[in-house]
Every structure is written in structure tokens, then in C-alpha cells.
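When reading the values below, keep in mind they use all heavy atoms of this one structure, side chains included, and skip hydrogens, waters and symmetry mates. Below, chains carry the letters A, B, ... as their sequence lines are ordered, and counting in each starts from 1.
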Amino acid sequence: MSRTSRRTHRCGELRAEYVGQRVRLGGWVHRRRDLGGIVFIDLRDRAGIVQVAVGPSAPEDVRRAAAGLSGETVVELEGEVVARPGNMRNPELATGEVEVHPSKLVVVGPAVTPAIPVARGKGEELPAEELRLKYRHLDLRRSEMQANLILRHRLLQRARRTLAELEFLEIETPILTKPTPEGARDYVVPSRVHPGEFYALPQSPQIYKQLLMVAGFDRYFQIARCFRDEDLRNDRQPEFTQIDLEASFIGVEDVLGFVEAVLVALWDEAGQRVARPFPRITWREAMERYGTDKPDLRYELAIADWTAQVGPLGVPFFDSALKNGARVRGLAVKGGAALSRKDVDQLAETAKQLGGSGLAWVKRQGEQISGSVGKHFTAAALGALGVGDGDVALLAVGPDRLTSPVLDRVRREVIRRLGAKPTAAHAFAWVVDFPLFEPDPESGKPVFAHHPFTSPHPDDLAGGKLDSDPFACRALHYDAVYNGNELGSGSIRIIDPAVQRRIFALLGLAPADAEARFGFLLHGLQAGAPPHGGFAIGFDRVVMLLADAGSLRDVIAFPKTTAARALFEGAPAPANPADLRALHIKVER
RNA sequence: GGGGCUGUAGCUCAGCUGGUUAGAGUGCCGGUCUGUCACACCGGAGGUCGCGGGUUCGAGCCCCGUCAGCCCCGCCA
């Protein structure tokens, strides 16, 4: 299959069974070792590396060409595959049993000295990320990057096949869409034909896929590119890929089943066997026990409420906060006495940076009890908290909105620093029963925790909580979590236009505004909408985890920097004045 | 928008308390070498110490600003 009109094999494919065959190869000069009378060339393509040997018996022109080759030059050659003598095999190379003796060798793509190395010495650091992005064509030649993108390809094919087998239809939706008032900032595209009007790039195909359900397509999926103009992170790019799906005549169980099928298939494609069904945890329990909605369940360490036990001890650190009705929550860390004073201080510093009052700690070693609040504790008091000999208690006080992020971070740090061994390699979980609303940090008013098309929990809707106690109202929303990473989220959607209008109203949207912004969805719902719901898997993140890559940038061919620039092609760039005029745009600086 | 780290040869890095001519490895150029596989050995070239300003007799090093990359908070319905 790798055969073309110009070559017979890929370099990295050759094995002992090819010995004696004449082959034609094309590839890049990875390294050259010139011993004078004999020259060895490591020739590289996407399949790997093979050694080419040009000795004294090679034709004169081949020897001359081989002597002049520089790194990263593209050559084509024709020659014989020869078995290497026993003591000259290279077990570190897949092709190490053989080498190629060329009778023809031609430079077809001369290369200037590469700005960053492709062949890297053992133990040599990667070039600066800035340079890797700027010279992406070179960085992408490295076997690690090739492996990542090849894995990405296989995962994409597997996702498609899995969903197609489940009778999902792959349907494309527009890239030029309508700006949305809620959610992330839109990337905006000016209209030439309609002065002053703009398209937006989709943050997700959400409304389109719901309309596809209204249209009766039943099961839809798409490998969808999505765009959000927000600040970036190590695991967030402005442009990213979702495995987006939606299905009709379903309930929560059906959607979770479909998504599990896809995730299990993806992990299988990467050689990882994982079990279904995934365990479930409510949002409330996740926040209570782990301080986060994406807990890493590979580790048992959990947050406990120690208000009742610690309150009466009269510890000054806690007292003033406790008067205001806050809680004391903490982690009883088995073997935590191994944490040094410096470790604990750094944890406390991290806690402070997250805006809490910091971190108190008590260490128990034999009869000795030490720590920032150690003198207030007895062995019995610690025992009641589950803190035994050799353990440490880490405590935070305050409102949950402060102690949860602190203890989440501290928990992850402690696990890392103690090198705790996980109870499982793969901890998938569903986080369910998310709240429908959360308070706006400034006004305290209800704002949507997810998107405004998520159905309220039917029990809470029937109980009238939507009006009486919106913050207690649960959503039919679910997140897939894996080893502390959010893989994606989904929900059952609202299909009753009246409920949808009430939700818009609760959001503070006047009926006329709701009509202007979401009229096309409301009209769809009025036209006979089947019960439906769906999910979106953050595909880049999945690839990053399965490739064991450190950053999303390592699994995207041409990613953006943290400032949303593309260093390779140099985007964004100023538009030329004539284009701007045609688009009716005046730029202010 | 806020905080932190980094920026010295093509690349990866070192550079002491502010003190003479800024170093190493690798790559590059030239040479020797018939079994290497990060070949070895000999020789050589290569620097706007990110950029701008300041302090100082003197700045790669200290101060201010700025740019870029990375990490975190906010943000990401």
C-alpha cells in the first residue's frame, strides 16, 4: 500500500524478510555518519528510519552524492536490502536487521540547515515552544509528533465507525453562523453584502443539532470544529474539535450509553481496556468530597467535614470564620507525615493564592503532635478525624466556595508530592445532577450553569422550584470525567417552548429579545419536537490524554499560542485597507 | 484584566558579590578515517546577552518600561 510510482516501500517498513529485494525509497536524511571509505545515512519517513550504507563498491556518483548530503535533505534511492552481519545489527531500530545498499541515489529536495533540530541527541531538551511553533514543518517531522497525529487520525476513524455502527448520521452544520449573546465571546466575521452585519463562528453546533432532531434525523453526529474567543490554557485552544452527538426518543441512560460506547472504543483504539458502565457521582457529592466537579477518582483521599469535631477546640485560626457560619473541611492524609515542612508551607501558599484564609495542618508522629494548629489537638481528637500515626491533617475554613477549590488543589498536590499510587489506571465517572443555575459572582442573580437549552430536572420542575428556589433546581446535565479531566458534557434538552420561554425570562431576557435571538429554535420546538438530548466530547483533550502529551499543542498540527497567535503562518494579521472598505469596517486603535 | 516563570552563539544551556577579551555541548564549515548507528579525532567560523530607558567609574547581572513564549487566577453559557 505504501508503493507509488516513485517508491516501492516506506523506509521504516523494511524488515529481514525483504533481504535480497531491490527497493526504491524516498525520505529525509535524519543523520549521516561519514567514516571516510563508507558513509551511513539514516533515512527517515513517517514509518521510521532505515540505515543506508554507501561503501567502496557503490557507484562513483552515489558515493559522491552520499558524501555531500546534509541533514533534512530529501533523497530518492534505489538499491538492495541486505542483511546486516550479526554484530552490526541495531536492536534499537525496527529496521535494525537490515540496511540498504543503493545503486542510485539522487537529491530531490535539498534542505538548508534546519532552524531547529529534527534529530535530537539523547537527553537534549526540546527547542523553545516558540520556535517549535514557528518552524512547525520541522517540529512535525519528529517521530513523537508524527505518532501523536497518527493516533489522532486513528481515534477519529474509530469514533466515526463506532457512531455510524450505532446508526448515527454524520451531518455538517454551518461554520458561518449567528452571534450568540450568552456564553463565550464569539469570533466574528463581517458580511460584505450586508454592511454592519456579522456572522459568528460556532462555539458549538448546539442549536443546529437540536433542529436536526426536530427535523427527524433521529441520531446525528459530527466531528465539529468549534471556536471560542477566550483566554487560553494548556488544555484550551481557541479553535478545537468536538465529537458532537444528539439523539431523539431517548433518556439520560441512552445518551450515557452512547457516549460510553464511543469512549470505550477510543480507549481500545489506543490499547487501553476499560470497563462499562462508568460509576456515577452527583455534582453535590463531587464538590463535597473532592471540591471539584471533575474529581480524580483514581485516589481515595477525600475531603471531610470536621466542623463539629474542630469547632469546640477553640482554635483561634478557625474561630472568627466559624462565627460566620462557615465550615471546617479537611483531608486526613495517610502517610502525610512524610510531607516536609517546606511541602506544607508551599501548600499553604498555594491555598492563599486561591483566595482562602490559607491552610492549617497537624502532623502526628508517634507521641509527637506538631503543626500550625498542633497544640490544640490531642491524639484522641485526631483519631476521631481518622488521622493516625504518621498521618497529617490539612484543614481549611471558610465558605464552601473558597474551601472547595483550595482543598481540591491541595488534594491533587498532596497526591503528587507523596507519589501516591492510584487504585485504578482509568477512573471514568459520570457527574450528574448539576445545578441548573449558579449565582452571578457580581450580582448574585441566577445565571445559567451550562446553556439555556438544558432541561430542568422534572422533579424540580414539577415541585415549582424553578421560581421558589432556582439555585436548588437540578439540571438534566451530565459530565464525563476521566482521571481528573473533564472529557465533555451533555444534557437532555428542553422541548416545551413554554418552558424554554420561562427559562429565557429567568435569564432576564425580554420575550422580544428571546424571539430575536433564539426564534429559530423556538419555532422549531413549536413544530413538533421529539424528546432529545446529546453530548459533546472534547476530542483534542482525549487525544492529549491517550497520547500522554503534555499539552493540547502537541496533538494539534497547527495550534495557536496562549495569546491566540499562529506563529507559523503569522495570524492574525492586519487586513489591507481595500478589503476593510469592502467590508464597511473602520479600525480604531 | 491580574499574578508568576523564562528570554545569552542556529539549537540546548552555564555565566559567582556588578569588574579585563561572555563560555560549554551540539549543529555548521574545513580536514583525517572501510562498519558506524548521538561514529571518533584535529582545526575553524559563529554573540544587537529579546527590545528601550535608567542607576553606576563600569551592567549579561541592579531598577523602570516594553515585547514574546509558557504556567496559573479571572474568563471558557
Side-chain angles (χ1 to χ4, degrees), chain A residues 30-43 49-58 63 67 70-72 82 84-93 95-96 99 101 112-135 138-139 180-186 203-204 206-207 226-238 240 349-350 352-355 405 409 434 436-438 440-442 446-454 475 477 486 489 491 503-504 507 509 517-518 538 550-551 553 560-563 565 567:
Chain A
H30 188 69
R31 274 201 179 89
R32 193 173 63 100
R33 292 175 293 282
D34 187 342
L35 274 61
I38 186 166
V39 178
F40 296 102
I41 300 153
D42 288 343
L43 199 64
I49 287 172
V50 71
Q51 174 165 282
V52 177
V54 177
S57 57
R63 280 193 291 145
S70 57
E72 296 307 311
V82 176
R84 286 156 74 153
N87 57 336
M88 291 163 199
R89 289 181 193 144
N90 185 350
E92 290 182 15
L93 214 55
T95 60
E99 63 188 12
H101 293 182
V112 296
T113 301
I116 58 172
V118 177
R120 199 160 36 110
K122 281 173 189 157
E124 188 181 341
E125 294 293 320
L126 284 173
E129 183 115 25
E130 187 177 354
L131 297 170
R132 292 180 52 204
L133 294 171
K134 186 168 174 188
Y135 304 104
L138 296 173
D139 195 47
T180 50
E182 312 296 328
R185 270 184 291 270
D186 286 318
Q203 297 178 23
S204 82
Q206 181 62 36
I207 294 178
C226 305
F227 307 86
R228 292 178 192 174
D229 187 4
E230 294 292 346
D231 290 338
L232 309 183
R233 289 285 186 281
N234 158 47
D235 61 351
R236 260 164 38 192
Q237 281 275 311
F240 59 99
E349 185 52 37
T350 309
K352 272 209 182 104
Q353 280 167 7
L354 289 175
R409 183 67 173 271
F434 275 75
L436 192 57
F437 300 97
E438 56 192 22
D440 183 282
E442 274 134 47
V447 292
F448 261 82
H450 312 289
H451 60 61
F453 320 117
T454 300
H477 175 104
E486 184 193 324
S489 64
S491 63
I503 295 288
F504 286 143
L507 258 178
L509 221 60
R517 290 168 177 182
F518 299 111
S551 156
R553 292 183 298 274
K560 306 284 189 284
T561 69
T562 41
R565 279 192 182 281
L567 298 183

Rounded interatomic separation in angstrom, taking CZ from Arg132(A) and C1' from A68(B): 17 Å

Donor/acceptor link under 3.5 angstrom from Arg236(A) side chain onto base of C75(B): yes

Any Arg233(A) side-chain N or O less than 4.0 Å from OP1/OP2 of C75(B): no

C1'-based separation of C64(B) from U55(B) [nearest Å]: 10 Å

Closest-nucleotide 5' rank along RNA chain B - winner of Glu230(A) and Ile38(A): Ile38(A)

Donor-acceptor pair under 3.5 Å, Asp231(A) side chain vs G74(B) base: yes

Sugar-phosphate, base or nothing in reach of Ala449(A), heavy atoms under 4.0 Å: sugar-phosphate

Asp34(A) side chain, from C-beta outward: closest of C11(B), C33(B), G35(B): C33(B)

Separation of the C1' atoms in U6(B) and A14(B), to the nearest angstrom: 15 Å

Sugar-phosphate only, base, or nothing, as touched by Glu125(A) at under 4.0 Å among non-hydrogen atoms: sugar-phosphate

Proximity to the side chain of Met88(A) - top-ranked nucleotide from U12(B), C72(B), U36(B): U36(B)

Touch class at under 4.0 angstrom, heavy-atom based, for Phe40(A) against every strand present: base

Identity of whatever pairs with G58(B) - Watson-Crick or G-U, under 3.5 angstrom: none

Sugar-phosphate only, base, or nothing, as touched by Ser551(A) at under 4.0 Å among non-hydrogen atoms: nothing

Contact under 4.0 Å: Arg553(A) side-chain N or O vs C71(B) OP1/OP2: yes

Touch class at under 4.0 angstrom, heavy-atom based, for Ala119(A) against every strand present: nothing

Close side-chain approach of Leu126(A) and Arg120(A), heavy atoms under 4.5 Å: yes

P gap between C41(B) and G27(B), integer Å: 11 Å

Rounded distance (nearest 0.5 Å) linking atom CZ of Phe448(A) with atom NE2 of His477(A): 12.0 Å

Base paired to G47(B) (Watson-Crick or G-U; both N/O distances under 3.5 angstrom): none

C37(B) to U26(B) separation - P atoms, rounded to the nearest Å: 14 Å

C39(B) OP1/OP2 closer than 4.0 Å to side-chain N/O of Arg33(A): yes

Nearest-angstrom distance from the residue atom CD of Gln206(A) to P of C76(B): 17 Å

Any-strand Watson-Crick or G-U partner of A14(B), both distances under 3.5 Å: none

Sugar-phosphate only, base, or nothing, as touched by Pro127(A) at under 4.0 Å among non-hydrogen atoms: sugar-phosphate

G27(B) OP1/OP2 closer than 4.0 Å to side-chain N/O of Thr113(A): no

Minimum-distance nucleotide (side-chain atoms of Arg84(A) versus C72(B), A68(B), C37(B)): C37(B)

Phe518(A) side chain near Leu509(A) side chain, heavy-atom distance below 4.5 Å: yes

Among G35(B), G69(B), C37(B), the nucleotide that comes nearest once only the side chain of Leu35(A) is considered: G35(B)

P gap between C72(B) and A59(B), integer Å: 39 Å

Atom pair distance, as rounded to whole Å: CD in Glu124(A) and P in G25(B): 14 Å

For C33(B), the Watson-Crick or wobble counterpart (both distances under 3.5 Å): none

P spacing across the pair C13(B) / U8(B), given as an integer number of angstrom: 9 Å

Side chain Glu99(A) and base G35(B) donor-acceptor under 3.5 Å: yes

Base of C75(B) paired with side chain of Arg228(A) (donor-acceptor, under 3.5 Å): no

CZ (Arg565(A)) with more than 12 external heavy atoms under 6.0 Å: no

Rounded distance in Å - CZ (Arg185(A)) to C1' (G1(B)): 10 Å

Side chain Arg31(A) and base C37(B) donor-acceptor under 3.5 Å: no

Touch class at under 4.0 angstrom, heavy-atom based, for Asn90(A) against every strand present: base

Pairwise side-chain contact, Ser57(A) with His101(A), heavy-atom cut-off 4.5 Å (strictly under): no

Donor/acceptor link under 3.5 angstrom from Arg120(A) side chain onto base of G27(B): no

Protein-nucleotide distance (Leu232(A), atom CG; G69(B), atom P), rounded to Å: 11 Å

Heavy-atom side-chain proximity of Gln203(A) to Asp186(A) below 4.5 angstrom: yes

Non-hydrogen side-chain atoms of Arg33(A) and Asp42(A) separated by less than 4.5 Å: yes

Whole angstrom value for the distance that separates C1' of G74(B) from CD of Glu438(A): 14 Å

Gln237(A) side chain to Lys560(A) backbone, donor-acceptor under 3.5 Å: yes

Salt-bridge contact Arg236(A)-Glu230(A) (side-chain N to carboxylate O under 4.0 Å): no

Among G10(B), G69(B), C37(B), the nucleotide that comes nearest once only the side chain of Ala115(A) is considered: G10(B)

Complementary nucleotide of C70(B), counting Watson-Crick and G-U pairs under 3.5 Å: G4(B)

Rounded distance in Å - CD (Gln203(A)) to P (C76(B)): 10 Å

Sugar-phosphate, base or nothing in reach of Leu93(A), heavy atoms under 4.0 Å: nothing

Whole-angstrom distance between G60(B) and C16(B), as gauged at atom C1': 13 Å

C1' atoms of G46(B) and C28(B), separation to the nearest Å: 9 Å

Any Arg84(A) side-chain heavy atom under 4.5 Å of Asn90(A) side chain: yes

RNA chain B: 5'-proximal contact among Asp235(A) and Gly71(A) (nearest heavy atom): Gly71(A)

Thr562(A) side chain, from C-beta outward: closest of C70(B), C72(B), U36(B): C70(B)

Pro117(A) side chain, from C-beta outward: closest of C39(B), C11(B), G69(B): C11(B)

Integer-rounded Å distance: C11(B) C1' and Asp139(A) CG: 13 Å

Listed nucleotide nearest any side-chain atom of Leu131(A), set G69(B), U12(B), C71(B): U12(B)

